[in-house]
Asks: 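Handing you a structure now.
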Amino acid sequence: MRKLAAGNWKMNGTRASLSEVKAINAELDDTDPAVVICPPVSLLIPACDIGGKIGIGAQDCHMASSGAHTGDISANQIADTGATYVIIGHSERRTDHGETSDMIKAKAQAAHKAGLIAIVCIGETLAEREAGETLNVLGQQMSGSIPDVATSQNTVIAYEPIWAIGTGLVPTLDQIDEAHRFMRAELLTTLGADAQNISLLYGGSVKGSNADDIFSVADVDGALVGGASLSAHDFVPIIKALSRA
Ligand code: 13P
């Protein structure tokens with residue numbers, strides 16, 4: 001598995017938004033890469049019911065398989081909706097809910113146990129980048145959050161610089177290249193040759209207008225897209241750019 005265009009709807013969308021999933025589906029053909037949309041949990045079942053080429057994912061799961069965890073959802077419950085992916089450790093979860101790398105690893109393990117593909121997110125703050133700490137931070141987040149048994153079949157890694165999320169700021173292609181090369185090398189060291197097949201996504205202010213450039217970077221296999229994944233009008237050009245890459 002390599003090329004993947006993933007949309008993270010975050011806390012956006014109601015049933016009316018399912019028309020966008022249908023519209024995206026209608027634009028896809030056999031030459032397009034894998035596409036996944038991660039809507040809010042309220043839309044998982046109806047989004048899965050749409051069928052077609054688009055895979056559906058959740059945005060978080062609990063590390064336990066069941067129990068007294070009010071308001072949470074387990075990986076088993078996500079799998080039961082028909083969804084096949086789950087985003088784990090998004091920086092908004094790390095910030096809003098105090099999620100640590102240990103918790104994220106446990107969640108990724110729960111996702112794997114339930115047969116879901118975990119999209120594990122990592123990324124530095126602006127202060128960390130300016131302090132020259134980016135690769136150290138990415139290395140720590142990777143070793144802390146990615147289970148030892150991760151494979152190209154059950155894990156995708158998304159590099160999302162926190163300062164690029166929702167800001168319109170995008171790292172230079174050299175900065176993206178440096179981060180993705182580093183990630184690939186680390187994964188090859190820890191997981192062996194199969195790491196060559198793990199999809200490495202870039203996320204943070206990806207749009208139709210910058211997608212071709214971003215996808216030209218060697219170890220960028222796709223994107224994790226926030227705002228521009230909410231409509232077919234904005235997301236389809238990103239998918240088509242990935243097809244061309
Ligand atoms: P934006 O594409 O809105 O910057 O969001 C990126 C993101 O956080 C995807 O998970």
Side-chain angles (χ1 to χ4, degrees), residues 3-13 17 20-21 24 33-41 43-44 47 54-61 78 83 85-97 99 104 107-108 111 116-126 128-129 134 137-138 141-142 145-146 155-173 175-176 179-180 183 199-215 217 220-242:
K3 279 189 183 184
L4 175 66
N8 174 9
W9 280 15
K10 308 190 178 185
M11 201 170 68
N12 297 294
S17 320
E20 296 298 332
V21 180
I24 295 164
V35 177
V36 57
I37 290 180
C38 301
V41 90
L43 297 179
L44 286 177
I54 297 180
I56 299 298
Q59 300 172 14
D60 175 49
C61 69
I78 292 167
Y85 289 80
V86 59
I87 298 170
I88 305 279
H90 191 281
S91 59
E92 288 150 16
R93 299 288 316 172
R94 293 182 192 250
T95 304
D96 294 357
H97 299 273
E99 291 192 7
I104 291 159
K107 287 176 178 219
L116 297 174
I117 298 170
I119 303 176
V120 180
C121 302
I122 60 171
E124 81 286 1
T125 63
L126 188 57
E128 287 163 343
R129 175 159 287 279
T134 299
V137 169
L138 298 185
Q141 290 178 340
M142 288 177 75
S145 329
I146 300 171
T155 304
V156 171
I157 317 288
Y159 168 55
E160 298 204 310
I162 295 170
W163 51 275
I165 295 176
T167 58
L169 299 173
V170 180
T172 65
L173 298 185
Q175 288 171 327
I176 297 175
H180 279 242
M183 287 154 62
S199 304
L200 301 184
L201 310 184
Y202 166 78
S205 297
V206 177
K207 297 181 174 39
S209 56
N210 59 22
D212 281 304
D213 284 346
I214 292 169
F215 297 147
V217 177
V220 173
D221 303 312
L224 181 56
V225 184
S229 72
L230 293 171
S231 72
H233 175 267
D234 292 334
F235 196 32
V236 170
I238 296 172
I239 297 167
K240 297 296 176 186
L242 186 56

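Just so you know, ligand 1 is whichever comes first in the structure, and atom 1 is the first atom listed for that ligand.
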Asks: Please confirm whether the backbone N or O of E92 pairs with a side-chain atom of H90, one donor and one acceptor, at under 3.5 Å?
Replies: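 Flag set: sc H90 to bb E92 pair under 3.5 Å.
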
Asks: Taking both backbone and side-chain atoms of G204, is any N or O found less than 3.5 Å from an N or O belonging to ligand 1?
Replies: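 No, there is no polar N/O contact under 3.5 Å.
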
Asks: Within the side chain of Q59, is there an N or O that forms a donor-acceptor pair under 3.5 Å with the backbone of V41?
Replies: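 Looks like no, no N/O pair under 3.5 Å.
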
Asks: Closer than 4.0 Å to some heavy atom of S205 - which atoms of ligand 1 meet that?
Replies: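 Reading through ligand 1 atom by atom, the close ones are 1 (P), 2 (O), 4 (O).
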
Asks: Should E92 be counted as touching ligand 1, given the test is an N or O pair under 3.5 Å?
Replies: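 Between E92 and ligand 1, no N or O pair is found under 3.5 Å apart.
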
Asks: Side chain or backbone, does T167 bring an N or O within less than 3.5 Å of an N or O on ligand 1?
Replies: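 Not met; the criterion fails.
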
Asks: Using non-hydrogen atoms of the residue, decide whether K10 is closer than 4.0 angstrom to ligand 1.
Replies: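 Within the 4.0 Å threshold, so yes.
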
Asks: Just do the side-chain hydrogen bond (donor to acceptor under 3.5 Å, both in side chains) check on S17 and E20 with the steps written out, would you?
Replies: CA-CA 6 Å; S17 320; E20 296 298 332; over 6 Å; no

Asks: When you measure from atom 2 (O) of ligand 1 to every protein heavy atom, which one gives the shortest distance, and what is it?
Replies: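 Minimum-distance protein heavy atom for atom 2 (O) of ligand 1 reads G226 N, 2.9 Å.
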
Asks: At less than 4.0 angstrom from any non-hydrogen atom of E160, what atoms of ligand 1 do you find?
Replies: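 With E160 as reference, the close atoms of ligand 1 come out as 6 (C), 7 (C), 8 (O), 9 (C), 10 (O).
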
Asks: Indicate yes or no: at least one non-hydrogen side-chain atom of P39 is less than 4.5 angstrom from one of L44.
Replies: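 Result yes, sub-4.5 Å side-chain heavy-atom pair found.
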
Asks: Can you name the atoms of ligand 1, numbered from 1 with element, that are less than 4.0 Å from a heavy atom of L224?
Replies: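 Counting from 1, the qualifying ligand atoms are 9 (C), 10 (O).
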
Asks: Any nitrogen or oxygen of A228, side chain or backbone, less than 3.5 Å from one on ligand 1?
Replies: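 No, since none of the N or O atoms of A228 sits under 3.5 Å from an N or O of ligand 1.
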
Asks: May I ask you to identify, for I165, whether its side chain, its backbone, both or neither come under 4.0 Å of ligand 1 on a heavy-atom basis?
Replies: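 The part of I165 near ligand 1 is both the backbone and the side chain.
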
Asks: Keeping D221 on the side-chain end and L200 on the backbone end, is there a donor-acceptor pair under 3.5 Å?
Replies: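 Side chain of D221 to backbone of L200, a donor-acceptor pair under 3.5 Å: yes, one is there.
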
Asks: For G203 and ligand 1, answer yes if some heavy atom of the residue is under 4.0 Å from a ligand atom, otherwise no.
Replies: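 The answer is no, since G203 has no heavy atom less than 4.0 Å from ligand 1.
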
Asks: Could you tell me whether the side chain of E124 and the main chain of L138 form a donor-acceptor pair under 3.5 Å?
Replies: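 Not a single qualifying donor-acceptor pair exists.
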
Asks: Checking N12 side chain against W9 main chain: does a donor-acceptor pair fall under 3.5 Å?
Replies: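 A pair under 3.5 Å: yes.
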
Asks: Any idea which atoms of ligand 1 are less than 4.0 Å away from a heavy-atom of G227?
Replies: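 The atoms of ligand 1 under 4.0 Å from a heavy atom of G227 are 1 (P), 2 (O), 3 (O).
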
Asks: Any side-chain to backbone donor/acceptor pair from S145 onto M142? Under 3.5 Å, distance only.
Replies: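 Checked: no pair found.
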
